[in-house]
Each structure stands twice: as C-alpha cells, then as structure tokens.
Amino acid sequence: MRSFIEVSPESHFPIQNLPYGVFKLKVGSLPVCGTAIGEYVIDLSMLEQKGYFRQTLLGDEKIFSRPSLNAFMAKGREAWKQVRAVLQTALSDENPMFRDDKDLQKIAVIPMKDVVMCLPAEIGDYTDFYSSREHATNVGIMFRGKDNALMPNWLHIPIGYHGRASSIVVSGTNVIRPKGQTKPANSENPVFGPSKLLDFELEMGFFIGPGNQLGETISIEQTYDHIFGMVLVNDWSARDIQTWEYQPLGPFLAKNFATSVSPWIVTMEALEPFKVKGPDQEPVPMEYLRSTGNWSYDINLDVYIKTESLKEPFKISGSNFKYMYWNIRQQLAHHTINGCNTKTGDMMASGTISGPTKDSYGSMLELTWRGENPIKLPDGEERKFINDGDIVIMKGYCKGDGYNVGFGEVAGKILPAK
Ligand code: MN
C-alpha cells in the first residue's frame, strides 16, 4: 500500500497509520479535524465538503468541520473502519480521484510546518492507572523497602486514580514549575516553594469512543468497541509535593498542574498489526478481568531531554508499551465494573511505563533512583530531576515491515515557577 503523497520510510505517518488530530493554520483559521501523512496534514473538513464520506455511516454530517474529534469518536467502530477505508483508498497512488484532483489538493493537503496542532478531543474526564509492574515495584522499593514493594492489592486490581482533565495540554505547550507544600527530610515542619523534584512520567493514553450509561458496565469482551485510539502522555509529577501529600488519598497537586499529550490519535485499527501477548498474570485475575488473545501492543517508547546547553536532544530512556502488566481492556472493564459511566473523549492513561532494565525506566525518579545516580549528559552537566529550561520529549512508534506506525512526539518545556 503506497500513497501518491511522498512518505519517507522513517516517517511515523505512512498510509498504514492515518491518525486523527485537530489543527489550525499558523496564519490563522478555525480548528478542524485532519489526518497526517508523511510531512502533510490532510484537511478532512475539505474532503467532507466534497462528499468523500457520503457512503459511510457519517453520511452528509459535517463531522470533521469541528474543533474536536468527539463527534467522530462517538460514531463507533463500524464508522471508524469505513472512514479509514475511504481515506486509504483516496490517498492510494492507484486511485485517481484525489491523486488527480489538484484543486482539492491545493486546499486540503497542507505542509505540517504550516499548522498548529490543538488538543484532539474535548476531554471530560481523565483517569490515570498505575499498571506497570516494574514501575510500581521500583517506586515501592524506594518508598517502602524491598519487602513491601508491591502493595497486596496490586496483582488483583488495575490500580488507578482520577486525574484532572482541565490541565491536559497538547505537545509544545510550556509547563510552569508548580509551587506547593513539601517536607524536606531535614526539616521538622513543611515548607512552601517551587517544587525541587520535578519529574516526567512516560505514559500512553487511550480515548473513549462511545461511552456507557451510569449504572452499566462494559464487559471485557465489549471494551474494544469503546476504545478509539491512543496518544503519548507525559504525566508531569512533582515528587517532593507528592511525597508529602499522597497519604492517605493519593496524588493531588503533585500531578494536576499539567499533563502533556501528543496531538495525533493513532487508531486501534492502525495498531492492529502490532498486537502482542502481555506479561503472564499470576495470580489469575478475577473473572471480569479475564480475557484471551493478544491485547498488548509492541510500541517502542523513547524519552529525550534537551537542556538549554545541549545542542541535540539526548536519549535517557527506551521502554515499550508491551511491558504493561494490566492491558487497556482490563483497565476499562475495571473502571466500569462498579457502574461508573464513561463519556466520549475521556482519556485513560497507563501509568508510568517502565521496562525491566535500568535504561528503560519511565521517570527520573527511577532512572536516577531518587537522585542517587544522576544522569550524565554529553556536555558534562548532570540531571537528578528536571531543571527550568529543560525540554522533555517522548516519541513512540511501532516497527512494521518497511514502515513505521508512529505517534510523533509529545514535548514540553519547563518554565520557572511564577
Ligand atoms: Mn502518572
């Protein structure tokens, strides 16, 4: 499968991917929905006007001429499949309809450098899980010692907490260092000031397509039809604020000052060829969390840091989504088992994705082991946590045969506290 639009083999956005996002022109325009191919954005509102989706479940509805993907996400899997098929046909080098329509290309094929990406969805609710066994074990060892590393519930429940949707920002948005209460080890009383232990968390998130009614549950077999696609997530965390506040109710201001997401939602259809078996689960989870088949995904995840003095971003971690102990179906089944309703556009994040080796940990907390082993940067500087002016960049991609299905990146720069 090839597109008439030139796509380099390294690109994250070949015709096999076709993620969805919301963009506006740098010169100024209202945000609309698009897809990415190679170095271009395809304005789906223009294709819609031309009737490209008339034969699908969308009919003549103006679903892409909106500033969010929610209306499309609510349509469900059959509509998503139909639209994807239309786009793959339209963008194929074998089909003349779009390939030879230079007038349409002039208005609908836009160089990526000419657009600003927006948040892809109106996110009503945001839940953050804690589903990497390696991460939970590392943090457990640091905070409670080796013998009590994993809490007794962890192997039975996909642990999570309700995050804050209002502070989710799209990649490229600057993040202001939070201030708050902390209690330094050598101090009798808590102190107030800018966080000194600012960290990132390497995560991925999935978006809810059609939701479920209050009081209803989504069975594990049904979960897949409620999941639209995935993004990269940096769940910024202030470790010193977290340490002082997190008991007894869990994370609060240490986490809700910002969460960055990548702008392109990669669909589950595009990720289908990269399904893999997850880790063995022992003890066997309860019935409502039990499923057969491959429900993890082989997604390479890399973290880079770009300091003010570094010339190039420097890679500090390489992990993979497949290390996650609890999979996205189990997370959604668990989330709704009590009758909690979910809505279109809700985002569920994985929790920090740490791999088994020291160079695959998904946070500075783990990579430097609470600052005990600082990361040495190529210019001689060191980092225990994230400094003002540092940019954290996360990239994710699946390796296909001669192509990638990628997520692009999520990047964010830390600005000094106000
Ligand atoms: Mn998190």
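The side chain to side chain contact (heavy atoms under 4.5 Å, CB included) test with Met364 is passed by exactly one of Val303, Leu197, Ile386, Leu198: Ile386. Checked options Trp80, Phe206, Trp295; the residue passing with Tyr224 is Trp295 (criterion: ring pair (Phe, Tyr, Trp, His ring centres under 6.0 Å)).
Side-chain contact of Gln88 with Gln16: a donor-acceptor pair under 3.5 Å is absent, judged by distance alone. Side-chain atoms of Asn138 and Glu366 include a donor-acceptor pair closer than 3.5 Å. Side-chain contact of Asn256 with Tyr126: a donor-acceptor pair under 3.5 Å is absent, judged by distance alone. In summary, the side chains of Glu48 and Ser65 do present a donor paired with an acceptor at a separation below 3.5 Å, with no hydrogens or angles considered. No side-chain donor from either of Glu39 and Ser11 sits under 3.5 Å from a side-chain acceptor of the other. Side chains of Glu134 and Thr137: no donor on one and acceptor on the other come within 3.5 Å.
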(request) Start with the C-alpha distance between Gln82 and Gln55, add both sets of side-chain angles, then the distance that settles side-chain hydrogen bond (donor to acceptor under 3.5 Å, both in side chains), and finish with yes or no. (result) CA-CA 9 Å; Gln82 291 174 355; Gln55 305 306 322; over 6 Å; no
(message) Could you go through Tyr52 and Leu58, starting from their C-alpha distance and side-chain angles, then the distance that decides it, and tell me whether this counts as side chain to side chain contact (heavy atoms under 4.5 Å, CB included)?
(response) CA-CA 10 Å; Tyr52 270 64; Leu58 307 192; over 6 Å; no
(message) Is there a side-chain hydrogen bond (donor to acceptor under 3.5 Å, both in side chains) between Trp244 and Gln181? Walk through the geometry before answering.
(response) CA-CA 7 Å; Trp244 176 230; Gln181 281 198 30; 2.8 Å; yes
(request) Test side-chain hydrogen bond (donor to acceptor under 3.5 Å, both in side chains) on Ser131 and Gln331 and set out the steps. (result) CA-CA 9 Å; Ser131 290; Gln331 289 170 340; 2.9 Å; yes
(message) I'd like to know whether Asn17 forms a side chain to side chain contact (heavy atoms under 4.5 Å, CB included) with Phe407, so could you lay out the CA-CA distance, the side-chain angles of the two residues, the decisive distance to 0.1 Å, and finally the verdict.
(response) CA-CA 9 Å; Asn17 190 350; Phe407 290 78; over 6 Å; no
(request) Show the numbers, then the answer: is there a side-chain hydrogen bond (donor to acceptor under 3.5 Å, both in side chains) between Arg164 and Ser166? (result) CA-CA 6 Å; Arg164 182 87 189 159; Ser166 65; 2.9 Å; yes
(request) List the steps, then state whether side chain to side chain contact (heavy atoms under 4.5 Å, CB included) holds for Val115 with Lys24. (result) CA-CA 6 Å; Val115 309; Lys24 55 188 180 185; over 6 Å; no
(message) Does Phe64 form a ring pair (Phe, Tyr, Trp, His ring centres under 6.0 Å) with Phe53? I'd like the steps, not just the answer.
(response) CA-CA 10 Å; Phe64 293 123; Phe53 309 114; 5.3 Å; yes
(request) For Val392 and Asn234, run side chain to side chain contact (heavy atoms under 4.5 Å, CB included): C-alpha distance rounded to whole Å, both residues' side-chain angles, the deciding distance at 0.1 Å, then the answer. (result) CA-CA 9 Å; Val392 176; Asn234 180 352; 3.8 Å; yes
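Ring to ring, His162 and His335 are close: their centroids are under 6.0 angstrom apart. Ring centers of Phe4 and Phe98: under 6.0 Å apart, within the cut-off. Centroid-to-centroid, the aromatic rings of His135 and Tyr130 come within less than 6.0 Å. A ring-centre distance under 6.0 Å is found for Phe72 and Tyr20.
Counted within 6.0 Å of CZ on Arg99, heavy atoms from surrounding residues, nucleotides or ligands total more than 12; the atom is thus considered enclosed. Under a cut-off of 6.0 angstrom, the local environment of OH in Tyr40 is sparse, with at most 12 non-hydrogen atoms contributed by other residues, nucleotides or ligands. Taking a 6.0 Å sphere around CE of Met286, one finds it holds 12 or fewer heavy atoms contributed by other residues, nucleotides or ligands. In this structure, Lys62 places its NZ atom where more than 12 heavy-atom neighbours from other residues, nucleotides or ligands lie under 6.0 Å away. With a 6.0 Å radius and a threshold of 12 heavy atoms from other residues, nucleotides or ligands, Gln213 has its CD atom at or below the threshold. The number of heavy-atom neighbours closer than 6.0 Å to CG of Asp100, taken from other residues, nucleotides and ligands shown, is above 12.
Residues Arg77 and Glu269 are paired through a salt bridge, judged by an N-O separation under 4.0 Å between the basic side chain and the carboxylate. Using a 4.0 Å cut-off between charged nitrogen and carboxylate oxygen, Arg54 and Glu61 do not count as a salt-bridge pair. With respect to Lys255 and Glu201, a salt bridge is recorded, a charged nitrogen being found less than 4.0 Å from a carboxylate O. With respect to Asp114 and Lys26, no salt bridge is recorded, no charged nitrogen being found less than 4.0 Å from a carboxylate O. A salt bridge between Asp240 and Lys196 is absent, with no side-chain N of the basic residue lying under 4.0 Å from a carboxylate O of the acidic one. For the pair Glu381 and Arg383, the salt-bridge criterion is met [side-chain N within less than 4.0 Å of a carboxylate O].
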Solution key, residues 342-350 side-chain donor-acceptor pairs under 3.5 Å, sequence neighbours excluded:
| residue | atom | partner | partner atom | Å |
| --- | --- | --- | --- | --- |
| Thr342 | OG1 | Asn212 | OD1 | 2.6 |
| Thr344 | OG1 | Gly209 | O | 2.7 |
| Asp346 | OD1 | Asp125 | N | 3.2 |
| Asp346 | OD2 | Lys343 | N | 2.8 |
| Ser350 | OG | Met204 | N | 3.0 |
| Ser350 | OG | Met204 | O | 3.2 |

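A 4.5 Å side-chain heavy-atom check between Leu301 and Asn320 finds every atom pair outside the cut-off. Between Asn404 and Phe13, the closest side-chain pair of non-hydrogen atoms is not below 4.5 Å. Between Phe321 and Ile353, some side-chain heavy-atom pair lies under the 4.5 Å cut-off.
Both the sub-6.0 Å distance and the 45° axial angle are not jointly satisfied by Arg177 relative to the ring of Phe257.
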